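Report on one structure; see the data block that follows.
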Amino acid sequence: MIKSLNDKNKDFFEQVYDVTRLIPYGRVTSYGAIASYLGSKKSSRMVGWAMNAAHRIPDVPAHRVVNRNGLLTGKMHFESPDQMQRLLEMENIEVKGDVVVNFKILFWDPSKELI
DNA sequence: CCATTGACTTAAG
DNA sequence: CCTTAAGCCAATG
């Protein structure tokens, strides 16, 4: 152990990354759903913050995480504002007016679909 | 150390 | 439909 990163540093964030990686292709979920699955539904803000920090992690499909209305609230934080929508459309997810069409059908709830 | 902000959500008016 | 307010908690100034 040379650098010894803080062991506790990977509590909430790491779990968020894990769940996010498990989102199936062509499906989406919400910050609240992830937060709820991890225990605190009201910590959805932290999920958003985790996504912000997830930029350094290539395996985390942050574009599959939207808010509870299917709105692409985090699109501003991508390389370009239209990148998020583009990535979604690339997975056959239709986006209209920054909102995921059929969001409620494409919605992937970790606490229900993930065991 | 205190204040503000934010990729959120829910409730109330 | 729009505005406040509250709850949550890390990061930033």
Side-chain angles (χ1 to χ4, degrees):
Chain A
M1 66 190 222
I2 300 176
K3 278 286 168 87
S4 84
L5 296 166
N6 296 334
D7 295 324
K8 34 184 99 172
N9 203 354
K10 39 190 197 163
D11 281 342
F12 196 78
F13 282 32
E14 275 275 336
Q15 297 185 62
V16 172
Y17 301 148
D18 285 340
V19 175
T20 306
R21 287 193 196 98
L22 293 174
I23 303 174
Y25 178 93
R27 304 289 296 279
V28 293
T29 190
S30 70
Y31 304 94
I34 296 176
S36 181
Y37 175 73
L38 296 182
S40 300
K41 171 186 181 181
K42 304 190 172 177
S43 300
S44 45
R45 273 188 156 132
M46 299 303 96
V47 177
W49 207 254
M51 289 293 107
N52 192 28
H55 265 298
R56 22 175 39 180
I57 306 177
D59 288 19
V60 179
H63 61 280
R64 294 188 187 142
V65 184
V66 296
N67 81 340
R68 84 158 201 91
N69 296 310
L71 184 63
L72 279 55
T73 47
K75 69 174 195 170
M76 307 288 209
H77 297 266
F78 282 77
E79 302 180 19
S80 80
D82 57 316
Q83 184 68 16
M84 188 174 186
Q85 175 168 344
R86 179 162 295 210
L87 288 170
L88 289 172
E89 289 175 336
M90 201 166 66
E91 300 185 1
N92 293 319
I93 299 176
E94 189 180 353
V95 178
K96 197 85 173 178
D98 293 340
V99 179
V100 175
V101 182
N102 295 329
F103 170 69
K104 130 179 164 180
I105 298 176
L106 297 174
F107 180 66
W108 179 80
D109 191 345
S111 25
K112 291 179 182 172
E113 317 231 15
L114 191 64
I115 308 176

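Below, chains carry the letters A, B, ... as their sequence lines are ordered, and counting in each starts from 1. Keep in mind that this is a model prediction, so the values were computed, not measured. Hydrogens, waters and symmetry mates play no part in the numbers below; they use all other heavy atoms, side chains included.
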Calculate the interatomic distance between A/K75 atom NZ and B/dA7 atom P; express it in whole Å. 13 Å
Taking B/dA7, C/dC8, B/dT9 as options, the one with an atom nearest any side-chain atom of A/T73 is B/dA7
A/F107 CZ - B/dT9 P separation (whole Å): 9 Å
CD of A/Q83 versus P of B/dA7: gap in Å, rounded? 18 Å
How close or far is atom P of C/dA11 from atom CE of A/M51, stated in whole angstroms? 14 Å
If the C1' atom of C/dC2 is compared with that of B/dA7, how far apart are they to the nearest Å? 22 Å
Between B/dG6, C/dC8, B/dA7, which one does the side chain of A/K42 approach most closely? C/dC8
Heavy-atom side-chain proximity of A/M46 to A/L38 below 4.5 angstrom: no
Looking only at side-chain atoms of A/K41, point me to the closest of B/dG6, B/dT10, B/dA7. B/dT10
For residues A/R21 and A/D18, determine if any side-chain heavy atom of one lies less than 4.5 Å from a side-chain heavy atom of the other. yes
How is A/A50 classified with respect to the nucleic acid when contacts are heavy atoms under 4.0 Å: base, sugar-phosphate, or nothing? nothing
Determine the contact category for A/H55: base if any of its heavy atoms lies under 4.0 Å from a base atom, sugar-phosphate if only primed atoms, P, OP1 or OP2 are that close, otherwise nothing. base
So if I take every side-chain heavy atom of A/S30 and compare against B/dG6, B/dT9, B/dA7, which nucleotide ends up nearest? B/dT9
In whole angstrom, give the distance that lies between atom CH2 of A/W49 and atom C1' of C/dC9. 10 Å
Taking A/N69's backbone N and O only, do any of them form a donor-acceptor pair with A/N67's side chain (distance below 3.5 Å, no angle check)? yes
Quick check on side-chain contact (heavy atoms from CB on, under 4.5 Å): which of A/V100, A/V101, A/V66, A/L87 does A/I93 satisfy it with? A/V100
Taking atom P of B/dT5 as reference, at what distance in whole Å does atom CG of A/N52 sit? 17 Å
In whole Å, I'd like the distance from the CZ atom of A/R68 to the P atom of C/dG7. 20 Å
What is the distance, to the nearest angstrom, from the CG atom on A/N67 to the P atom on B/dA7? 12 Å
Pick out which of A/I34, A/V60, A/T29 makes a side-chain contact (heavy atoms from CB on, under 4.5 Å) with A/V19. A/I34
